[in-house]
Protein chains: 2
Amino acid sequence: MPEKKIRNMEEFAAVSGLSRPTVSKYFNDPDSVRATTRKRIEAALERHEYRPNIYAVNQNRRLTKNIGIVVPYLADPFFAEIARSIEMLVIEAGFRPILLGSHGDRGQEIDNLESLRSIKPAGVLLAPLGRISDRSAIESFCKAVPTVLFDSNMEGTGAAFIGSDNVSFVDQTVDYLCRTGTPPCFFEMKTPANPNANKRRLAYIAAMERAGLDPQVIKIDGEGWRFEEIGHKGTHDVIASGGFPSDTVLCSNDRLAIGLLAACYEHGLRVGRGDGCAMRVASHDDHPYSRFTCPSLTTAAHDYAEVSGRSVDTLFELIESGGRFDQRRETLFAARLILRDSA
Amino acid sequence: MPEKKIRNMEEFAAVSGLSRPTVSKYFNDPDSVRATTRKRIEAALERHEYRPNIYAVNQNRRLTKNIGIVVPYLADPFFAEIARSIEMLVIEAGFRPILLGSHGDRGQEIDNLESLRSIKPAGVLLAPLGRISDRSAIESFCKAVPTVLFDSNMEGTGAAFIGSDNVSFVDQTVDYLCRTGTPPCFFEMKTPANPNANKRRLAYIAAMERAGLDPQVIKIDGEGWRFEEIGHKGTHDVIASGGFPSDTVLCSNDRLAIGLLAACYEHGLRVGRGDGCAMRVASHDDHPYSRFTCPSLTTAAHDYAEVSGRSVDTLFELIESGGRFDQRRETLFAARLILRDSA
DNA sequence: CAAAATATTTTACGCGCGTAAAATTTACTG
DNA sequence: CAGTAAATTTTACGCGCGTAAAATATTTTG
């Protein structure tokens, strides 16, 4: 059936025997037209491949159906996966996700927000870089666009924050490690990229003190988002200067732990909880690769599903409330301890 | 200076004392207006924050400035990095990259192309899933949109293909391994997701036969893109059923090798080239994590920069030629051997 | 310096669609 | 079945901008 090509909504309305605005209504919400009308449109749709011009649509709509998703580092499988999960929820809700990665770079983060602003999104889900973020730029963005922060909090910025409860992460790992062996020292970057790291350190200190133990924090050098490399080099440095103060090391996050484990391996330090092991290592995040480290990594897992689900729900609620909440919301989800071979 | 808000190009043209079309010309190409005119516009731009409405612009332009980038799996740091590199080149060229990941899913890949088609991109850089791709859908897309394939070839599809020379990868690893120890067996998935895997197997067999050696291919079970898990389980299975036919294993790709190394570690098999090592392992791709495996992984590296650079250049050339080349082009770049500790 | 050639700007029109208000149809009442 | 309320469709207008053709300014030529 060599039906002639449909060029615009006008022509499509003609072949379905309706007026263009009726068809327009249908595309905005198929249930907003009478059932018989809907059938006619859908019948025509099967014969006449037509899709509304996305630019013309968005030019006139008060609010686009675009949802921006910004994560600090797309090459980190952790963020890639959570972004993926959010994307799917956004699509299910009938919106169009636009995924952008900031590549650990302050300027890129601002560029991303700038770029999002120009496409007039209905809302944005933003996992900020953290410490190095241009705070005032992000704040001004959040004032202009309904924004929900996730993963990494910036106090007072955005209409809501959804994340994991760092205290819950650390309490569980510290408790487990203390119960089953030497109390851990804490391994982290000197200048962490992300506020979660600070919360984790504080939670570690608090947990240790609560147990009447002496907290020991090891801070290693390094800038940026190449955490494995930083953890690797930092571990070499620590070992070179006398070793860890405890045979049990709790890493701030899994990517540091991956570097640490590689360095331990190179030094012939056997990691694990069995006989003949020189040390135990645990961490936080349940990074996708933490199952495949040597040994596999004992860690505290985020509740991916809850964080992404609640983030999306909150954003849609925000959008429906006209872009404002009476009060900023913060939601934290507890961690789940994953026991593997490293501790 | 509380300048009144500029709402559209008309108003902006007014405050700069020009007609709107002149301003329009400027935004399409700043050099297309007289120098004095340009100065006036840029002066006004500093006082009056204004940016053309992206939807209105793209509605009327013959060709948008959008460039689609599709990779098979964004949660794989290898693709995340190459995508990043391509993104930057696209931005430098004054275009707008739209990055999409197919999540190892045939349907998602088609959705991505569908979604790209609706934004009428000037061109698309596509790294197809490979075997499981919906070939006819991709072909029909390539006919409608100027498309350059990269990483994974599909014979005859797209105007060009840019990738790495699998023969060069395998020749180098096989040669090195044979020179320095026992000739390798080849470790791969039974039904590889990606045509590169087939090329690598054939290259391995050819290289071994050329050297008068007996090729040994080990094919493990597993579907999908969770290569580490597949390599891990596959290795356990191989070990349980008597072990590898050679003490030297060449993996089809680094992600399989990561799983293999984890499994070897669990079995207490020491990997490396030193004394007391039970086996050697090498691989292909130089995955970002291959520096941090235990032991660090000897592998053949892609020339990221060349592949991404040439892909982008080729696409722009394609766009300038009106979306067609007289003849389909294929460009392959050689690998670089990276010696680490595993072999 | 006038006229022709060229570069630049303006006029005029249309792109494809959203949406308020008006007109019409359908559903519901008694 | 007439009459009214509610749901639906149509009329009419405008969004913000690209672009060909016409008008004007600038540069070059003789």
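Throughout, protein chains are lettered first and strands after them, A, B, ... in sequence-line order, and every chain is numbered starting at 1.
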Peer 1: So do the side chains of B/I86 and B/P97 get within less than 4.5 Å of each other, counting heavy atoms only?
Peer 2: no

Peer 1: Without decimals, in angstroms, what is the distance between B/L18 CG and D/dC17 C1'?
Peer 2: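 Taking CG of B/L18 and C1' of D/dC17, I get 16 Å after rounding.
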
Peer 1: Whole angstrom is fine here: how far is it from CD1 in B/I6 over to P in D/dC17?
Peer 2: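 So the two atoms are 11 Å apart, to the nearest Å.
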
Peer 1: Given that B/R34 and B/L63 both sit by DNA chain D, which one's nearest nucleotide is further toward the 5' end?
Peer 2: B/L63

Peer 1: Tell me whether the centres of the aromatic rings in B/Y304 and B/F78 are closer together than 6.0 Å.
Peer 2: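 They qualify: ring centres under 6.0 Å apart.
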
Peer 1: Please report, rounded to the nearest Å, how far the C1' atom of C/dT10 is from the CD atom of B/E10.
Peer 2: 11 Å

Peer 1: Of the listed nucleotides (D/dC17, C/dT9, C/dG18), which one gets closest to any side-chain atom of A/R61?
Peer 2: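 Side chain of A/R61 sits closest to C/dG18.
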
Peer 1: Measure the distance from NZ on B/K120 to C1' on D/dG18 and round it to the nearest whole Å.
Peer 2: 15 Å

Peer 1: Measure the distance from NZ on B/K65 to P on D/dG18 and round it to the nearest whole Å.
Peer 2: 12 Å

Peer 1: Would you say C/dT10 has OP1 or OP2 under 4.0 Å from some side-chain N or O of B/T22?
Peer 2: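 The answer is yes; a side-chain N or O of B/T22 sits under 4.0 Å from OP1 or OP2.
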
Peer 1: Could you please name the option among C/dG16, D/dC17, C/dT10 that lies closest to any side-chain atom of A/N53?
Peer 2: C/dG16

Peer 1: Tell me whether the OP1 or OP2 atom of C/dC15 has a side-chain N or O from B/Y55 closer than 4.0 Å.
Peer 2: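 No, because none of the side-chain N or O atoms of B/Y55 sits under 4.0 Å from OP1 or OP2 of C/dC15.
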
Peer 1: Under 6.0 Å from the ring centre and within 45 degrees of the ring axis: does the NZ or CZ of A/R329 meet both conditions for the six-membered ring of A/F325?
Peer 2: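 The answer is yes; both the distance and angle limits are met.
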
Peer 1: Fit a plane to each ring of A/F95 and A/F316, take the angle between them on a 0 to 90° scale, and name the class: parallel (under 30°), tilted (30 to 60°) or perpendicular (over 60°).
Peer 2: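 Taking A/F316 first and then A/F95, their aromatic rings sit tilted (interplane angle of 30° to 60°).
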
Peer 1: With no hydrogens and no angle check, do the side chains of A/Q59 and B/N53 hold a donor and an acceptor under 3.5 Å apart?
Peer 2: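 No donor-acceptor contact under 3.5 Å links the two side chains.
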
Peer 1: What integer distance in Å separates A/E11:CD from C/dC15:C1'?
Peer 2: 13 Å

Peer 1: Starting from the 5' end of DNA chain C, give me the residue, A/N28 or B/S19, whose nearest nucleotide shows up first.
Peer 2: B/S19

Peer 1: Using the side-chain heavy atoms of A/M9, tell me which of these nucleotides is nearest: C/dT9, C/dC15, C/dC17.
Peer 2: C/dC17

Peer 1: What nucleotide among C/dT9, C/dG16, D/dC17 has an atom nearest to a side-chain atom of B/R20?
Peer 2: D/dC17

Peer 1: Can you tell me the distance, in whole Å, between the CD atom of B/Q59 and the P atom of D/dG14?
Peer 2: 17 Å

Peer 1: Whole angstrom is fine here: how far is it from NZ in A/K25 over to P in D/dT8?
Peer 2: 7 Å

Peer 1: Compare side-chain N and O positions of A/Y26 against OP1 and OP2 of C/dC17 and report whether any pair is under 4.0 Å apart.
Peer 2: no

Peer 1: Counting only side-chain nitrogens and oxygens, does A/S24 get under 4.0 Å of the OP1 or OP2 atom of C/dG18?
Peer 2: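 Answer is yes, contact under 4.0 Å.
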
Peer 1: If only side-chain N and O atoms of B/N60 are considered, is one of them under 4.0 Å from the OP1 or OP2 phosphate oxygen of C/dC15?
Peer 2: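 No, no such contact exists.
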
Peer 1: What is the nucleic acid contact for A/F12, judged by heavy atoms within less than 4.0 Å: base, sugar-phosphate only, or nothing?
Peer 2: nothing

Peer 1: Choosing from D/dC15, D/dT10, D/dG18, which nucleotide comes nearest the side chain of A/P21?
Peer 2: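 Taking heavy atoms from C-beta onward, the closest nucleotide is D/dT10.
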
Peer 1: Is B/R96 reaching over with its side chain to a backbone N or O of B/I91, donor-acceptor style, under 3.5 angstrom?
Peer 2: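 Checked: no pair found.
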
